[in-house]
Number of protein chains: 2
Amino acid sequence: MKSEIRTVYWKKGEVVLIDQRLLPLRVKYLRLRTAKQVAKAIKEMAVRGAPAIGVAAAMGLALTAYHCRSKDRDRVLERLRKSYEVLRATRPTAVNLFWALNRVMRVAESAGSADEMRNRVVSEALKIAEEDIEANKRIGENGAKLIEDGDRILTHCNAGALATAGYGTALGVIRSAYAQGKKILVYACETRPKLQGARLTAWELMRDGIPVKLITDNMAAFLMQRGEVDKVLVGADRILAKTGHVINKIGTLSHAISAKHYGIPFLVAAPFSTIDFESTLSDVVIEERDPREVLYVGNMRIAPRGVEVWNPAFDITPPELVTYVITERGVYKPDELKTLSSGV
Amino acid sequence: MKSEIRTVYWKKGEVVLIDQRLLPLRVKYLRLRTAKQVAKAIKEMAVRGAPAIGVAAAMGLALTAYHCRSKDRDRVLERLRKSYEVLRATRPTAVNLFWALNRVMRVAESAGSADEMRNRVVSEALKIAEEDIEANKRIGENGAKLIEDGDRILTHCNAGALATAGYGTALGVIRSAYAQGKKILVYACETRPKLQGARLTAWELMRDGIPVKLITDNMAAFLMQRGEVDKVLVGADRILAKTGHVINKIGTLSHAISAKHYGIPFLVAAPFSTIDFESTLSDVVIEERDPREVLYVGNMRIAPRGVEVWNPAFDITPPELVTYVITERGVYKPDELKTLSSGV
């Protein structure tokens with residue numbers, strides 16, 4: 001097994017990100033020194049995946065604190081609040097972004113001096129990254145119990161090391177099961193329009209020697225009909241505790257409906273920070289992205305000039321289609337989530 | 001409205017095909033003079049769509065007859081049989097290919113002289129093309145009765161003029177309803193891997209001024225969940241009369257399952273020649289195509305080297321997911337098809 005993938009990390013006042021837009025053809029790291037640069041990287045999806053976005057955003061605040069030389073506590077806090085707004089406005093759907101930013105800001109606000117604020121903000125951001133990897137390993141352990149030897153698992157988008165600080169959520173479960181010696185075949189759906197499945201999941205799994213087969217998204221139902229899928233396993237960008245709805249990459253709902261139709265378990269793996277204890281469905285903003293993501297693949301145009309496009313980045317899977325939600329604290333049916341405490 | 005699209009036609013000993021691989025960026029016609037060239041065009045999907053393949057193959061036989069100068073009846077027939085084998089081997093799933101080839105061969109076999117054979121084969125091929133357009137217009141009339149003013153119709157792949165000798169099957173129904181003054185919005189699914197929806201359906205509908213919005217295949221279920229789809233309407237490559245199964249472009253099954261889940265009518269429009277009165281499910285060969293169709297979009301590679309791929313070109317929608325099959329002879333529930341006669 002190769003060295004672990006480092007999706008996002010802190011290095012002496014720089015946030016280092018693997019540029020996911022270039023994978024798998026090029027492995028290139030971005031070195032960012034401002035919160036604004038981090039915001040741009042999130043918006044343009046150089047870094048993506050709900051937990052990775054949370055970690056990157058927290059580190060974006062850390063950059064602001066680290067490079068602000070003011071001795072004035074309130075001045076540093078003011079700068080942080082500006083960065084907070086810029087980072088917060090990048091992507092509206094994933095809840096980990098807001099969770100991580102709020103967590104760092106609470107720490108900042110409680111600091112008595114500028115220096116204390118700098119130190120505490122940076123260390124809180126690093127702690128969020130470390131905790132994310134730890135959480136993923138526990139998600140992996142909890143989820144692996146649901147995976148049987150010989151399972152053929154269909155996944156969508158990339159809920160892997162590249163979507164987190166490391167190890168992955170859905171792919172973390174697969175890594176854990178595989179490490180236990182279970183034989184597994186992963187069907188990776190390519191995940192139009194941004195092709196995270198083809199580009200990232202396939203790359204990540206091949207790197208670890210885990211068998212993977214690539215399909216287009218629209219082949220999933222036919223594969224299930226043929227009896228070749230034992231589990232569907234995906235990540236999440238937001239899970240509503242009140243109702244059990246799962247918001248995840250566009251295409252997830254389609255797989256969930258097909259899985260239900262063919263009686264296949266539908267599993268969601270996500271850190272507890274993905275669970276939103278406040279919002280109801282009507283509060284959730286589904287991000288609609290640039291039509292060019294649909295009109296082009298890379299630089300290649302695939303549709304006529306002037307055609308209208310609808311490009312939602314996420315969809316909403318209702319609780320009746322979800323078998324289990326796997327977190328670092330345990331495995332829950334979606335209607336059990338409302339009985340839990342956010343633990344904040 | 002612009003001039004009608006001419007997908008495939010006969011011109012003085014040449015078969016002229018619009019090269020669908022280059023649409024919508026380039027409109028280029030191929031001029032073919034041998035059955036082998038026609039076979040290559042079918043195999044490489046310069047021409048595609050079950051009815052269009054049938055017409056092109058029939059014209060491929062016409063090329064052989066037309067250019068064979070032998071005075072010996074049996075010699076011409078022998079040449080035709082060779083071309084028949086080459087054309088027959090191009091694509092295994094669509095039934096119109098075999099239907100059209102067999103129809104032309106029956107006419108050839110009944111000819112008494114070489115000259116008669118030449119004339120009859122050419123005129124039978126042209127007749128198949130004319131009849132296809134006529135059938136599509138009647139499919140359009142029959143189907144338009146099922147379309148209401150204001151309908152938002154989701155379609156997959158291209159079952160349009162480009163998939164037939166002209167006018168189209170599913171898009172023929174839409175053209176007819178639109179011509180009746182019904183307000184319609186078409187959601188075109190892009191249809192990975194070959195993107196016939198993005199490239200062909202969007203182009204065809206925009207050309208006729210019919211409102212169209214492009215989505216990726218995996219957005220269809222979310223659109224249905226939001227209540228924004230009134231009908232799903234697709235073509236077919238083969239329909240099994242005995243059981244009512246519909247074989248169509250990969251991705252169709254997924255839409256059918258979602259439509260059922262959300263209580264949306266699922267309509268299939270196809271000429272009677274698409275109905276297979278002989279085969280059972282186990283007789284149907286689902287074509288698996290080159291992995292490169294999934295690994296590349298145009299010249300752009302989108303997945304890591306060495307990754308395995310599954311690339312079936314079609315899927316199978318069971319009768320319980322199909323509301324109506326619309327043909328030129330009438331509109332049927334899938335379980336009514338077995339009571340009909342092939343009329344051969």
Side-chain angles (χ1 to χ4, degrees), chain A residues 23-25 156 187-193 195 197-199 202-203 206-207 211-223 225 249-258 260-262 286 291 294-295 297-312 314-316 318, chain B residues 23-25 156 187-193 195 197-199 202-203 206-207 211-223 225 249-258 260-262 286 291 294-295 297-312 314-316 318:
Chain A
L23 288 172
L25 303 181
H156 190 67
Y187 282 104
C189 295
E190 65 174 7
T191 317
R192 277 283 288 154
L195 297 166
R199 296 191 298 105
W203 181 76
M206 287 178 80
R207 212 168 166 278
V212 57
K213 214 163 191 171
L214 178 63
I215 61 172
T216 61
D217 305 320
N218 60 17
M219 293 169 189
F222 190 40
L223 200 60
Q225 186 196 64
K249 180 53 56 192
I250 188 75
T252 303
L253 172 64
S254 173
H255 300 321
I257 294 170
S258 296
K260 184 78 168 186
H261 188 78
Y262 291 111
I286 296 293
V294 174
L295 295 170
V297 177
N299 292 323
M300 180 159 159
R301 190 169 180 106
I302 58 162
R305 304 224 158 262
V307 69
E308 272 195 74
V309 167
W310 183 52
N311 184 23
F314 305 96
D315 60 26
I316 302 169
Chain B
L23 290 172
L25 304 181
H156 190 67
Y187 282 104
C189 294
E190 65 174 8
T191 317
R192 277 283 287 153
L195 298 165
R199 297 191 298 104
W203 182 77
M206 287 177 80
R207 212 169 164 278
V212 57
K213 215 163 191 170
L214 178 64
I215 61 172
T216 62
D217 305 321
N218 60 16
M219 293 170 187
F222 191 39
L223 201 60
Q225 185 196 65
K249 179 53 55 193
I250 188 75
T252 303
L253 172 65
S254 174
H255 300 321
I257 294 169
S258 296
K260 184 78 168 184
H261 188 79
Y262 291 111
I286 296 293
V294 174
L295 295 170
V297 177
N299 292 324
M300 182 161 156
R301 190 169 179 106
I302 58 162
R305 304 224 159 263
V307 69
E308 272 195 73
V309 167
W310 183 51
N311 184 23
F314 305 95
D315 60 24
I316 302 169

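Because the structure is a prediction, the values reported are computed rather than measured.
With hydrogens and angles ignored, the 3.5 Å screen pairs no side-chain donor or acceptor of A:Asp217 with any backbone N or O of B:Asp217. Between the side chain of B:Asn218 and the backbone N or O of A:Arg192 there is at least one donor-acceptor pair closer than 3.5 Å.
Contacts of A:Leu295 with chain B are made by side-chain atoms alone, with heavy-atom separations under 4.5 Å and no backbone atom involved. Residue A:His156 touches chain B through its side chain alone, counting heavy-atom pairs closer than 4.5 Å. Interface residue A:Met219: backbone and side-chain heavy atoms are both found under 4.5 Å from chain B. Only the side chain of A:Pro24 comes within contact range of chain B, judged by heavy atoms closer than 4.5 Å. Looking at A:Leu23, there are no atoms closer than 4.5 Å to chain B (heavy atoms on both sides), in backbone or side chain. Using a 4.5 Å cut-off between heavy atoms, A:Ile302 touches chain B through backbone and side chain atoms alike. Contacts of A:Tyr262 with chain B are made by side-chain atoms alone, with heavy-atom separations under 4.5 Å and no backbone atom involved. Only the side chain of B:Leu25 has a heavy atom closer than 4.5 Å to any heavy atom of chain A.
Interface remark: of the candidates A:Ser258, A:Ala202, A:Ser254, A:Pro312, A:Pro312 forms the most heavy-atom pairs closer than 4.5 Å to chain B. Ranked by heavy-atom pairs shorter than 4.5 Å toward chain A, the options B:Glu308, B:His255, B:Lys249 are led by B:Glu308. Across A:Pro291, A:Ala256, A:Ala188, A:Ala221, the residue that shares the most heavy-atom pairs under 4.5 angstrom with chain B is A:Ala221. Listed options B:Arg305, B:His261, B:Arg199 were ranked by heavy-atom pairs under 4.5 angstrom with chain A; first place goes to B:His261.
Of all heavy-atom pairs between B:Met300 and A:Gly298, the closest is SD-CA, 3.5 Å. For the pair A:Gly306 and B:Met206, the tightest heavy-atom approach, listed with the atom from each and the gap, is C-CE, 3.6 Å.
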Margin query: B:Val212 vs A:Val307, test: side-chain contact (heavy atoms from CB on, under 4.5 Å). Steps then yes/no.
Written below: CA-CA 7 Å; B:Val212 57; A:Val307 69; 4.3 Å; yes
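Considering only heavy atoms from C-beta on, B:Pro193 stays 4.5 Å or farther from A:Glu190 through its side chain. At least one side-chain heavy atom of A:Gln225 sits under 4.5 Å from a side-chain heavy atom of B:Ile316.
With sequence neighbours left out, the ring pair (Phe, Tyr, Trp, His ring centres under 6.0 Å) criterion links A:Phe222 to B:Trp310.
If you take CG on B:Leu253 and CG on A:Leu223, they are separated by 11.0 Å, rounding to the nearest 0.5 Å.
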